[in-house]
Amino acid sequence: MKNFITHYARKRYTSFIIITCIALILPFIRINGNHFFLFSFDHKKLDLFFISFSTQELYLMPFLLICLFLGIFFITTLGGRIWCAWSCPQTIFRVIFRDLIQTKLLKIRTSIANKQKNYEGKFIKKTLAVLIFYVLSLVAVSNFLWYFVPPEDFFAYIQSPGDHLLLMGILFVASFFLTIDVCFLAENFCIYVCPYARIQSVMFDTNTIQVIYDEHRGGKVFDGATKLYKKPPQGECIGCEACVAVCPTHIDIRRGMQLECINCLECADACSKVQNKFKRESLINWTSFEAVEKRQKVQYFRFRTIAYCIVLAVAVMILIFMGSKKEYMLLNINRSSELYHIEQKDGKTEVSNAYVFLFDNTDNKAHEYYFKVAIQGDENALSIVRPSKPFTLKAGAKSKQIVVLKTEKNLSKNKDQDTILPLKITAFALDENEKIKVERESIFVYPKNMQQD
């Protein structure tokens, strides 16, 4: 005999396990000392796809956010609230708390199949369930923080909590609110708080995959015009309401698409078990409205989904291209408040300008740095007084260098006012044969022609 029972719950649990393992393991994976994703305020850097970027290179963030939102739009248009049921941490935590801790471990609930019943009493067991989940919430919040505080630093910090009160405060307070959310607010968060529930319907069309009750087979149980329920008609729906009892958001899917539905498909599994006794498929399926009405397959590839795919692909390519332009050395240049300094030496007039160079080694290894300077039209006019020799910077380190440039030539072009000369500065890593280098522009100020004064 053919089995018509669906197993969406098993597939969702498998998805939860995979997502949880990835989320827990990914922060510990490093390539060349860089993480897959790390936005560290402490180290002032962004690790993205195992490439490290300084906070001065955050031009990637807009492209990253664009890709994120385009991905959300695409997934929602194609699969409805698939994120809510299959990937959302809120849903995963609720399954752990309600189905695993309360039902399987502590036996507070008698069955996963009935999520409508409130169990009175059992205060000690309920309190124990909350305490168990709070411990798990500490792990979950720590996992979240590892994407902002690298694990190697996190475990060192928590060994001296008195020196890191902000981190410890975030850890315990966030865990407390997560416990309140999951244990008490429950699915009301999805219904009343989550903004995604409010905007997702705008992105739906008749081909968007949803949890749909087949009125053609089961009969129309709910009259949308009168807002009244009817007795089960002469259709395949027997009125057992197994789909209602199992729903975590307490809705009747037979009423049609509702804001509260998170696409968990537990109603489809429940209906399939009942209909299997009659050798029939479930009346509730993961399909589209148009596919049900026209008795055809879901149209996954249509104008909206193809358009989102194209735009998303372009955004990802731009992100990859911009990421490939990473500079392994950054240099900021500021002039001192003194325009120039004049000194008479051995009968010659020396004019010097002072600058502040801020070097930033964004590579994952140490380099030895120096630089060259040149004035347009006369590359040998200037000499470097300070620093007199190259210097070394460790990986991720910064260094402020006081730079003094001087000239013995008369570079004045106007006897009545100072001459401003364009200055080209090329900084480079000596140990990389100048393969790592940056070019910057500044000015060199020469006083008005003193020989003519």
Side-chain angles (χ1 to χ4, degrees), residues 9 12-13 15-28 39 81 83-112 114-149 151 153-155 157-159 161-162 164-198 246-251 260 262-264 266:
R12 287 174 61 234
Y13 295 158
S15 171
F16 295 164
I17 293 172
I18 293 173
I19 290 172
T20 301
C21 291
I22 292 174
L24 288 171
I25 295 173
L26 200 56
F28 293 91
F39 192 12
R81 296 183 69 176
W83 160 261
C84 298
W86 296 76
S87 305
C88 179
Q90 172 78 10
T91 303
I92 297 175
F93 292 145
R94 279 297 296 166
V95 168
I96 292 173
F97 178 71
R98 181 191 59 233
D99 298 348
L100 181 61
I101 298 177
Q102 287 190 322
T103 306
K104 296 293 185 181
L105 183 63
L106 299 179
K107 309 297 182 182
I108 297 174
R109 294 176 175 271
T110 56
S111 173
I112 295 176
N114 190 344
K115 296 181 174 59
Q116 308 299 324
K117 185 176 179 180
N118 293 320
Y119 294 88
E120 303 297 334
K122 302 183 179 181
F123 176 78
I124 295 178
K125 283 190 174 183
K126 287 184 176 180
T127 303
L128 181 59
V130 173
L131 293 176
I132 292 173
F133 184 81
Y134 182 74
V135 174
L136 293 178
S137 72
L138 288 171
V139 177
V141 174
S142 297
N143 182 205
F144 173 75
L145 289 174
W146 293 338
Y147 291 93
F148 299 90
V149 181
D153 291 346
F154 179 87
F155 291 109
Y157 291 164
I158 61 176
Q159 293 179 21
H164 303 91
L165 294 177
L166 178 60
L167 176 65
M168 302 307 296
I170 293 174
L171 174 61
F172 287 105
V173 172
S175 300
F176 173 77
F177 280 108
L178 179 60
T179 303
I180 296 297
D181 167 33
V182 173
C183 299
F184 300 100
L185 191 58
E187 277 76 18
N188 288 324
F189 177 89
C190 306
I191 299 171
Y192 300 109
V193 180
C194 180
Y196 185 42
R198 298 292 181 269
V246 78
C247 180
T249 56
H250 310 291
I251 66 172
E260 295 86 354
I262 61 172
N263 282 23
C264 68
E266 295 204 36

- Query: So do the side chains of Asn143 and Val139 get within less than 4.5 Å of each other, counting heavy atoms only?
  - Reply: no
- Message: Quick check against the 3.5 Å criterion: does Tyr147 have a side-chain atom that pairs as donor or acceptor with the backbone of Ala23?
- Response: yes
- If you look at every heavy atom in Asn263 and Ala85, which pair is closest and at what distance? O-CB, 3.0 Å
- Residue pair Phe16 / Thr91, side-chain heavy-atom distance below 4.5 Å: yes
- Note on the structure: Heavy atoms of Ala140 and Phe93 approach each other most closely as CB-CZ, 3.7 Å
- Using a 4.5 Å cut-off on heavy atoms from C-beta on, say whether the side chain of Phe172 contacts that of Tyr134. yes
- Message: For residues 177-186, which residue pairs pass the side-chain hydrogen bond (donor to acceptor under 3.5 Å, both in side chains) check, not counting sequence neighbours?
- Response: Gln90-Asp181, Ser137-Thr179
- Pairwise side-chain contact, Gln102 with Ile132, heavy-atom cut-off 4.5 Å (strictly under): no
- For Tyr13 and Val95, the nearest pair of non-hydrogen atoms, with its separation, is CE2-CG1, 3.5 Å
- Query: Which residues pass the salt bridge (charged side-chain N to carboxylate O under 4.0 Å, His left out) test with Arg98, sequence neighbours left out?
  - Reply: Glu187
- Query: Nearest 0.5 Å, what's the CD1-CG distance between Ile19 and Leu24?
  - Reply: 12.0 Å
- Taking atom OH of Tyr196 as the centre, report whether more than 12 heavy atoms of other residues, nucleotides or ligands fall under 6.0 Å from it. yes
- Query: CD1 of Ile124: more than 12 outside heavy atoms within 6.0 angstrom?
  - Reply: no
- Between CG on residue Leu185 and OH on residue Tyr192, distance to nearest 0.5 Å: 10.5 Å
- Item | Nearest non-hydrogen partners of Pro89 and Trp83, listed with the distance | CD-CZ2, 3.8 Å
- Heavy atoms from other residues, nucleotides or ligands near CZ of Phe28 exceed 12 (cutoff 6.0 Å): yes
- Message: Which heavy atom of Leu167 sits nearest to which heavy atom of Phe154, and what is that distance?
- Response: CD2-CD1, 4.1 Å
- Can you name the closest pair of heavy atoms from Arg12 and Cys264 and give their distance? CD-O, 3.1 Å
- CD1 of Ile101 to CZ of Arg109: how many Å apart, nearest 0.5 Å? 12.5 Å
- State, with a plain yes or no, whether a side-chain heavy atom of Phe184 is found less than 4.5 Å away from one of Val130. yes
- Asp99 versus Lys104: any side-chain heavy-atom pair under 4.5 Å? no
- Message: Looking at Leu106, is its backbone amide N or carbonyl O close enough to the side chain of Lys125 to form a donor-acceptor pair, meaning the two atoms are under 3.5 Å apart?
- Response: yes
